[in-house]
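Here the structure is laid out as structure tokens; the discussion comes afterwards.
As the structure is a prediction and not an experimental result, all values here were calculated from the model. Proteins come first, then strands; the chains are lettered A, B, ... in the order of their sequence lines, and each starts at number 1.
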Amino acid sequence: MLDQEIKIVIDHKRCIGARCLNCVDSCPREVLDWDKEQKKVVVVNFQECILCFACEEACREDGNNCYKIEGAIRKEFQPAPRIDMWGGAREVEPPISV
Amino acid sequence: MEWKETIRTDVLIIGAGLAGLKAAERAKRYGLDVVIVDKSTGRTNLSSVAGGAIGILAGAWQISNPSTLRSLTERGILGGAWEIKYCKDQRMEEITAMEEVPLQDELAEFGCINPRNMKTYGPNIRMNWAATGPLYHYVQKVGCKLMKFFTVTDLLKVDGQVVGVVGFESRRGHFMAINAKAVVLATGGAGNCWARNNTPFRSTGDGHAIAYRNGVLLHMMEYESFDAWIIAEKGVPNYWIPPSYGRTMGNVLNAKGEDFLPNYIELGPKATLKPGDPFHIKYGAPVIDNVAKIGRAMAMEVYEGRGDDGAILVDFSNVPDEAWYSEPKGIAFLHLMRDFDWKKKPVHMYPGALGSYGGCKITEEGETNLPGLFSGGEVAYGEDLKYTNVFGTRAGRAAAEYAMNASLVEPDPIQIKEKKDYLEKFLARPKSTDGDPKAIRDAVRDLSMEKFGVLKSEEGLIEGIGRLGELRKVASEKMYASDPRELRMAFEVESMFDCQDMHARAALIRTETRGVHNRLDYPYMDNDLWVKEIRIRKVGDEMKLFTAPIRRGYVEIPKGRFPIKGMEKK
């Protein structure tokens, strides 16, 4: 259970809207949509958000950098930990147990 | 819809997933013009979101020893046949086993210096972006043109030869034809035709449908792989829990609190059956050997009335926090669960669609039966990332070699006009409650889950095919699209109809249970009758299904009927 609440924050002043839509179309689970009446990107189904950060990345690289997901764990990882989960069999066979 | 001028290119690639990108990269080496089109942005296709074979691609599994390779192939793991034992073309399996290894070195070339470095994707469920991301940027850097938001709706043919495609841009709504010497179909799978799935919403089997409508030979369409670990809780995403240390320690239980898996899977000699032990120690067998069996077990428990609210329960209360926090996939689980207290109550789970094994029948070089059309990846040979890698590359190579010797044939303008009119029909229709593409899509997805789900039966399949036909009739008369984005959805719905029709009809013919294909009325694997594949082809307006033997290699196939553990008593 996470202590903090995760939420999507869009800076609508900077967003270039229908000319871009990189965040909306990057979403694999239809969490975002373009609202034709309000003329802005809206979060329609946050329940389905799998936190893949593709929207944020697409906005940063192809859009106007106006989109952030707050509250997610952003820990950096070192190369795969050397835990012997596989009973010493690692050199003989790959760890296929998961 | 505005009509934009036709683009001309040497090689056109449909789909910017791993197969498409690999094809583009390979074709570009021949110094040709390469255009890649993607109906979305190319960042969240299944190749990027998936995480199972990520291990192999991103270097977490060190496979360099040929004897390891051989043993894995024999166990059916590298062949992807952990789900479909014996029923795949073994020549193709051998090719994937031999060719997928160099990708790790190639990734370094594309700018991903150390694919094993988890910093490249962090605590992110989009695991394979570590492998596809560098390639996505690389192909654009070397001069392949990526057209995002472009939905291909049909192929253009002159005298049976594929000379390009038509489609539209879904932001501004331009209609456009693309004229190409060779076309590579790399559109991915059809996982989103089922209501429960762990695929992106754009995986609707468009390529399967386009291929079918144009007379391409398809095969193995009855095989849709179902992943077991998909959450079935309200308020949190109904998405899969990635394979992680924490997941292996979860206890899978039915509503009575019993551990039912020993009734369905073959236990290893050293199985401890102790709650809290990691899966491979508890049952003495790794998850990866049992993916199809676990899905089947969960569905059977629910079918026989031992489920809770249509799902089974997975208890994670004994999993220590470090198990989740120690790896990105574990953090992905924490992200998915949000404020759901998995320490206090078990999580409901039920299998969901993952990927399609069936698709265009290709040769070893990635050619389809249409001249000028090549195919690779999930739409051609299988959902696993190693197939997309190997056959994507091969399709790109074959397309480039074909384009080198071919000349550009002008498409027929009348044909293009007809295809444009077909799309405009949706835009011209009035809005109605029956014709909402989203509602029709959801109805197809729910129907698929109910009738073409994990467990199938003759009765259910026949009823499902009938209801699918009724939905299709309503859609063909009333489905509308009020803007280009909705038009894309309407087109996807049409694809789903073709895909699910093929899936259900092929599943009806295969009167046995094998791998992910489970028939309640035939609870055994029948090697006397069914070591063959079902092929599908459109002849005139009719769907023709027929069987053909598979090519066998070095894996020996025992004769006889083999009862399926846990199903046979029914």
Side-chain angles (χ1 to χ4, degrees), chain A residues 1-7 17-31 33-34 36 45-59 61-63 69 71-83 85-87 89-98, chain B residues 40-41 43-44 48-49 55 60-63 68 71-72 77 114 116-119 122-126 129 148-149 170-171 199-202 235-239 243-245 247-248 278-281 286-289 325-328 331-332 334-343 483 485:
Chain A
M1 192 171 160
L2 290 179
D3 300 331
Q4 70 276 24
E5 194 198 342
I6 301 174
K7 57 184 177 199
R19 280 186 291 149
C20 174
L21 295 190
N22 272 294
C23 57
V24 178
D25 257 16
S26 286
C27 180
R29 304 297 286 179
E30 294 191 345
V31 172
D33 203 358
W34 171 249
K36 275 182 277 185
N45 190 9
F46 186 64
Q47 185 207 309
E48 272 294 316
C49 177
I50 57 172
L51 274 288
C52 74
F53 306 105
C55 43
E56 198 185 270
E57 188 185 290
C59 186
E61 290 181 13
D62 303 334
I69 297 176
I73 307 170
R74 290 174 193 266
K75 187 174 154 187
E76 285 203 337
F77 284 85
Q78 293 308 310
R82 290 273 166 191
I83 301 170
M85 294 283 290
W86 330 105
R90 195 160 191 152
E91 295 312 311
V92 188
E93 282 197 359
I96 44 176
S97 298
V98 287
Chain B
S40 169
T41 60
R43 287 176 180 277
T44 41
S48 308
V49 180
W61 299 4
Q62 283 292 340
I63 301 175
T68 310
S71 105
L72 281 173
I77 289 168
N114 179 8
R116 298 193 71 175
N117 188 346
M118 300 292 186
K119 277 183 186 172
N124 192 331
I125 201 165
R126 200 163 47 119
W129 188 242
K148 293 190 286 186
F149 307 101
S170 60
R171 271 187 308 184
T199 64
F201 271 66
R202 299 273 85 81
V236 301
N238 284 353
Y239 200 71
S244 47
Y245 302 140
R247 193 184 84 174
T248 65
F279 190 98
H280 64 293
I281 295 172
V287 175
I288 203 160
D289 286 351
Y325 280 96
S326 69
E327 56 171 349
I331 292 195
L334 301 176
H335 276 160
L336 287 177
M337 298 315 287
R338 317 261 167 83
D339 53 357
F340 183 92
D341 200 347
W342 46 269
K343 277 187 184 164
D483 61 27
R485 292 170 62 76

If only atom types and distance count, is the side chain of B/R202 paired as donor or acceptor with the main-chain N or O of B/T44 below 3.5 Å? no
So, the part of A/A72 with a heavy atom under 4.5 Å from chain B: the answer is both
Which bit of A/L21 is near chain B, if near means a heavy-atom gap under 4.5 Å: side chain, backbone, both or neither? both
Quick one: which of A/D25, A/L2, A/D3 has the most heavy-atom pairs under 4.5 Å with chain B, could you say? A/D25
Heaviest contributor of heavy-atom pairs below 4.5 Å to chain B, chosen from A/R29, A/K36, A/E57, A/E48, is A/R29
Using the side-chain contact (heavy atoms from CB on, under 4.5 Å) criterion, which residues pair with A/Q47? Sequence neighbours excluded. A/N45
Part of B/R338 within contact of chain A (heavy atom distance under 4.5 Å): both
Can you say whether B/L336 sits under 4.5 Å from chain A via the side chain, the backbone, both, or neither, judging by heavy atoms? side chain
Can you tell me how far the [atom1] atom of [X] sits from the [atom2] atom of [Y], to the nearest 0.5 Å?
X: A/E30; Y: B/F201; atom1: CD; atom2: CZ; result: 5.0 Å
X: B/R171; Y: A/N22; atom1: CZ; atom2: CG; result: 6.0 Å
X: A/E61; Y: A/S26; atom1: CD; atom2: OG; result: 10.0 Å

